[in-house]
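First up is the structure itself, then whatever we jot down about it.
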Amino acid sequence: MDIRAYESRDLAALHAINVEGEPGVGAVTQDGLAAIVAEGTCLVAEGAAGPEGFILLVEPGAAYGSPNYQWFLQRHGAGGDFVYVDRIAIGVAGRGKGLGAALYGAAFEVFAGQRAVMTCEVNTLPPNPGSMRFHQRLGFEPVGEQVFIIGEKAVAYLERPL
């Protein structure tokens, strides 16, 4: 398994991986994914048959309207010293191989010394206890929460020092 920087030829495969990961990751069109990638840093886990997963991170200053990204901008300020994990997705063929931890490990290396904290969110409604345990094993701690639709959609905001 190789973890490398995104290349434009990856877009269709990454979009397919994103679709396989829904609803754990937000639905997005291929053009929408390309727009987020253009605003951030994308690392790709590549196997023998091509991309098997990816992590997409956005830094302050991006023109990105995600309400979760905006929450961290408000918490840290527009010049904040954070990087936001917009999404991490592993395709069906790549699951169970430790790719999530490997992608996060690579992201920690890329941003160590560049940013103070890595941020993300995990769904609490609908509940995603597996993702919460995974992120806590990686050193993420809850720092806030937001309810989008009472009884239906809520997230916990997490941070990890770099």
Side-chain angles (χ1 to χ4, degrees), residues 1-74 76 78-115 117-123 126 128 130-132 134-135 137-138 140 146 148 153 155-160 162:
M1 181 60 50
D2 183 37
I3 297 182
R4 59 169 176 78
Y6 168 86
E7 298 172 3
S8 59
R9 65 182 169 89
D10 297 325
L11 183 60
L14 299 193
H15 182 256
I17 290 168
N18 197 88
V19 169
E20 289 178 357
E22 294 170 15
V25 294
V28 66
T29 65
Q30 188 166 313
D31 289 342
L33 184 60
I36 302 167
V37 168
E39 290 286 337
T41 299
C42 185
L43 302 175
V44 177
E46 184 160 21
E52 294 187 2
F54 69 99
I55 187 169
L56 180 51
L57 305 106
V58 181
E59 295 178 80
Y64 184 44
S66 157
N68 297 315
Y69 171 71
Q70 296 297 320
W71 190 92
F72 285 111
L73 279 177
Q74 288 180 359
H76 292 279
D81 199 11
F82 73 96
V83 61
Y84 167 67
V85 178
D86 177 71
R87 65 193 64 226
I88 181 167
I90 309 299
V92 172
R95 294 183 187 158
K97 297 179 181 179
L99 296 184
L103 284 164
Y104 263 109
F108 296 154
E109 287 181 22
V110 167
F111 288 98
Q114 294 184 38
R115 296 289 177 189
V117 295
M118 186 169 288
T119 66
C120 68
E121 85 281 339
V122 172
N123 287 343
N128 193 343
S131 181
M132 186 64 78
F134 170 76
H135 284 90
R137 276 195 309 270
L138 292 176
F140 285 88
Q146 184 163 326
F148 292 99
K153 171 94 175 128
V155 298
Y157 293 114
L158 311 175
E159 293 186 353
R160 177 200 189 273
L162 289 172

Worksheet item: Do you know which of L103, V83, L162 makes side chain to side chain contact (heavy atoms under 4.5 Å, CB included) with F108?
Response: L162
Discussion item. Tell me every residue that passes salt bridge (Lys or Arg N to Asp or Glu O under 4.0 Å) with E121, counting only those two or more places apart in sequence or in another chain.
Written reply: none
Fill in: Partner residues of R160 under the side-chain hydrogen bond (donor to acceptor under 3.5 Å, both in side chains) criterion, sequence neighbours left out
none
Response to the item:
ring pair (Phe, Tyr, Trp, His ring centres under 6.0 Å) pairs touching residues 30-65, sequence neighbours excluded, are Y64-Y69
Worksheet item: Does the side chain of T119 come within less than 4.5 Å of Y157's, by heavy atoms?
Response: no
Worksheet item: Residues two or more places apart in sequence or in another chain: which of them pass salt bridge (Lys or Arg N to Asp or Glu O under 4.0 Å) with R9?
Response: E7
All N/O donor-acceptor pairs, side-chain side in residues 23-45, below 3.5 Å, sequence neighbours left out:
unit_1: T29; atom_1: OG1; unit_2: G32; atom_2: N; d: 2.9
unit_1: E39; atom_1: OE1; unit_2: A63; atom_2: N; d: 3.0

Discussion item. Taking salt bridge (Lys or Arg N to Asp or Glu O under 4.0 Å) as the definition, give me every residue that meets it alongside E20, ordered by chain and number, with sequence neighbours left out.
Written reply: none
Worksheet item: Do I3 and I55 have side chains that get closer than 4.5 Å, going by heavy atoms?
Response: no
Discussion item. For H15, give me all partners under ring-ring contact (aromatic ring centres under 6.0 Å, His included), at least two apart in sequence or on another chain.
Written reply: none
Fill in: Beyond-backbone contact of N68 with Q146, side-chain heavy atoms, under 4.5 angstrom
no
Discussion item. Restricting to ring-ring contact (aromatic ring centres under 6.0 Å, His included), what partner residues turn up for Y6, sequence neighbours left out?
Written reply: none
Worksheet entry | Qualifying ring pair (Phe, Tyr, Trp, His ring centres under 6.0 Å) pairs with a residue from residues 19-43, counting only residues at least two apart or across chains | none
Fill in: ring-ring contact (aromatic ring centres under 6.0 Å, His included) involving F140 - partner list, sequence neighbours excluded
Y104, H135
Worksheet item: Between L57 and M118, is a side chain to side chain contact (heavy atoms under 4.5 Å, CB included) present by the stated rule, with each step listed?
Response: CA-CA 9 Å; L57 305 106; M118 186 169 288; 3.7 Å; yes
Worksheet item: Rounded to the nearest 0.5 Å, how far does CZ of F82 lie from SG of C120?
Response: 12.5 Å
Response to the item:
ring-ring contact (aromatic ring centres under 6.0 Å, His included) filter on F111, not counting sequence neighbours, yields none
Worksheet item: Which pair of heavy atoms, one from P51 and one from D10, lies closest together, and at what distance?
Response: CG-OD1, 3.8 Å
Discussion item. With salt bridge (Lys or Arg N to Asp or Glu O under 4.0 Å) as the rule and sequence neighbours excluded, what pairs involving residues 83-104 come up?
Written reply: E52-K97
Worksheet entry | Min side-chain heavy-atom separation N123-S131 under 4.5 Å | no
Discussion item. Using a 3.5 Å distance criterion without hydrogens, assess whether the side chain of R115 forms a donor-acceptor pair with backbone atoms of G80.
Written reply: yes
